[in-house]
> 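Can you keep this structure in mind? I'll have questions shortly.
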Amino acid sequence: MSYVCAAPAPTVLPVIEEPHSLAPADAREMSWLFFERLSVLEEGTEEYQYARNTLIEMNLSLVRYVARRFRSRGQETEDLLQVGTIGLIKAIDRFEVLLENEFTTFAIPYITGEIKRYFRDTTWSVHVPRRLQVLRVDLARAREELEGRGIPEPSVADFAAHLELGESEVVEGLVACNGYDAGSLDRPIEAGGGGMQQTGLVADLIGSEDPALVPAEDLQALKPHLAQLDDRERTLPELRFGAEMTQSEIGKELGLAQMHVSRLLTAAYATLREGLLAEA
């Protein structure tokens, strides 16, 4: 650990010669000191900038740790480190010392979220193997060259001959290309013809849940469980919900006290609920 104290006073931050080279344990200890000082400094001052920049450098190991988890995505490590550092800076700016949380626990979700956002915004909409990502680039180049030779719509056989690949591999690559861009639900649907008249949005084609079907589905789910009740247990819910009778009316119908009817109904509900939850 290479740092020297600029002054013995606790309000003066130590000068750290190589913040990025601190061991993780030393970085955690020093980070608390810098965060405590940063919380009372005025933003924009020279000392504030020193404290903030040093915190960033001391905790770059967190960015490297998170970035290693995304190595299999096929992206350049340097790009992931740059993006992850943005998440680290956001975590530093939003960290509250008074809450006494561990900064590592606080920062990692910010770093991870920033890297995931990067993949979402700049890479494939659907993850495909690296070889197919490379094949997509080769197919795009092949299309340009074939079109330049007077083949406006190259066939699978054209691609296969040009790239010296099997047709099945070309088909696989063409299908994988569909995963690069995701269509927006707000994309207009256009009718055929020269005018290309807009007829609606893609979202209009997506069905929605019919509220009227919910009671019917619940009833079908309840039927086998109702059949397992005895005659009296089954009669009580039928009178309560089928005939829409009150508990007092059911009591008079069956010669029972209203409180007894309430207890029997509660027991029947519990049995039915337990059966439905067991299925779920």
Side-chain angles (χ1 to χ4, degrees), residues 60-91 107-210 213 217 279-280:
L60 285 175
S61 60
L62 296 178
V63 179
R64 291 192 291 270
Y65 167 78
V66 175
R68 283 197 296 267
R69 294 159 51 184
F70 293 89
R71 286 180 300 184
S72 61
R73 298 289 188 91
Q75 294 296 312
E76 293 292 334
T77 301
E78 188 62 32
D79 293 340
L80 298 182
L81 292 176
Q82 290 181 9
V83 173
T85 302
I86 296 174
L88 174 63
I89 294 171
K90 290 181 179 179
I108 285 179
Y110 276 91
I111 299 170
T112 303
E114 204 66 29
I115 293 177
K116 287 184 176 179
R117 189 177 299 111
Y118 167 76
F119 280 109
R120 182 195 66 195
D121 295 342
T122 62
T123 60
W124 289 67
S125 300
V126 178
H127 180 64
V128 299
R130 179 66 177 173
R131 65 178 182 84
L132 293 180
Q133 296 183 26
V134 174
L135 181 55
R136 172 189 170 273
V137 177
D138 293 339
L139 288 170
R141 291 173 179 168
R143 181 182 294 277
E144 292 180 0
E145 293 178 10
L146 291 171
E147 288 177 349
R149 298 177 185 178
I151 307 176
E153 289 295 334
S155 65
V156 172
D158 294 330
F159 282 121
H162 184 79
L163 297 173
E164 298 181 352
L165 298 173
E167 292 190 7
S168 60
E169 190 173 356
V170 171
V171 170
E172 187 180 12
L174 292 173
V175 171
C177 289
N178 295 328
Y180 188 75
D181 294 311
S184 171
L185 294 177
D186 296 324
R187 178 171 58 83
I189 302 172
E190 297 175 337
M196 298 298 288
Q197 182 179 2
Q198 181 176 329
T199 60
L201 303 176
V202 172
D204 298 334
L205 301 178
I206 300 176
S208 59
E209 183 177 344
D210 186 352
L213 292 177
E217 292 176 350
E279 288 184 354

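Quick caveat: nothing in here was measured; it's all calculated off a predicted structure. The chain is numbered in sequence order, starting from 1.
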> Can you name the residues that form a side-chain contact (heavy atoms from CB on, under 4.5 Å) with E169, not counting sequence neighbours?
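E169 satisfies side-chain contact (heavy atoms from CB on, under 4.5 Å) with L135, L165 only.
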> Of all residues at least two apart in sequence or in a different chain, which pass the side-chain contact (heavy atoms from CB on, under 4.5 Å) check with S61?
R64
> Measure the CZ-CG distance between F70 and L80 for me, rounded to the nearest 0.5 Å.
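These two atoms lie 8.0 Å from each other.
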> In Å and rounded to the nearest 0.5 Å, what is the CG to CD distance from L174 to E167?
11.0 Å
> On a heavy-atom basis, which atom in A107 and which in L62 lie closest, and how many Å separate them?
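Shortest heavy-atom contact: CB-CD1, 4.1 Å.
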> To check you understand the geometry: which heavy-atom pair defines the closest contact between G166 and A160, and what is its length?
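Minimum heavy-atom separation between G166 and A160: C-CB, 4.3 Å.
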> Closest approach of T112 and V66, non-hydrogen atoms and distance?
OG1-CG1, 3.5 Å
> Excluding sequence neighbours, so at least two apart, what forms side-chain contact (heavy atoms from CB on, under 4.5 Å) with E114?
V83, I86, K90, R117
> Would you list the pairs meeting side-chain hydrogen bond (donor to acceptor under 3.5 Å, both in side chains) in which at least one residue belongs to residues 144-154, sequence neighbours left out?
E145-H162
> Does some side-chain heavy atom of R143 sit less than 4.5 Å from a side-chain heavy atom of F159?
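In short, these two side chains touch, coming nearer than 4.5 Å.
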> Does V171 have any side-chain contact (heavy atoms from CB on, under 4.5 Å) partners at least two apart in sequence or in another chain, and if so, which?
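Testing V171 for side-chain contact (heavy atoms from CB on, under 4.5 Å), a comparison that skips the adjacent residues, returns V156, V175.
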> Taking all heavy atoms of I111 and all of L88, pick out the closest pair and write down the distance.
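Shortest heavy-atom separation between I111 and L88 comes out as CG1-N, 3.7 Å.
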> Would you check, one step at a time, whether the test side-chain contact (heavy atoms from CB on, under 4.5 Å) holds for Q82 with E76?
CA-CA 10 Å; Q82 290 181 9; E76 293 292 334; over 6 Å; no
> Taking all heavy atoms of A142 and all of L163, pick out the closest pair and write down the distance.
CB-CD2, 4.0 Å
> Hey, what do you get for CG (D158) to CD1 (I151), rounding to the nearest 0.5 Å?
4.5 Å
> So, for L139 and G173, which heavy atoms are closest and what is the spacing to 0.1 Å?
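Distance-wise, the nearest heavy atoms are CD1-C, 3.7 Å.
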> The criterion is ring-ring contact (aromatic ring centres under 6.0 Å, His included); which residues satisfy it with Y110, sequence neighbours excluded?
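Per chain and number, Y110 pairs via ring-ring contact (aromatic ring centres under 6.0 Å, His included) with F106.
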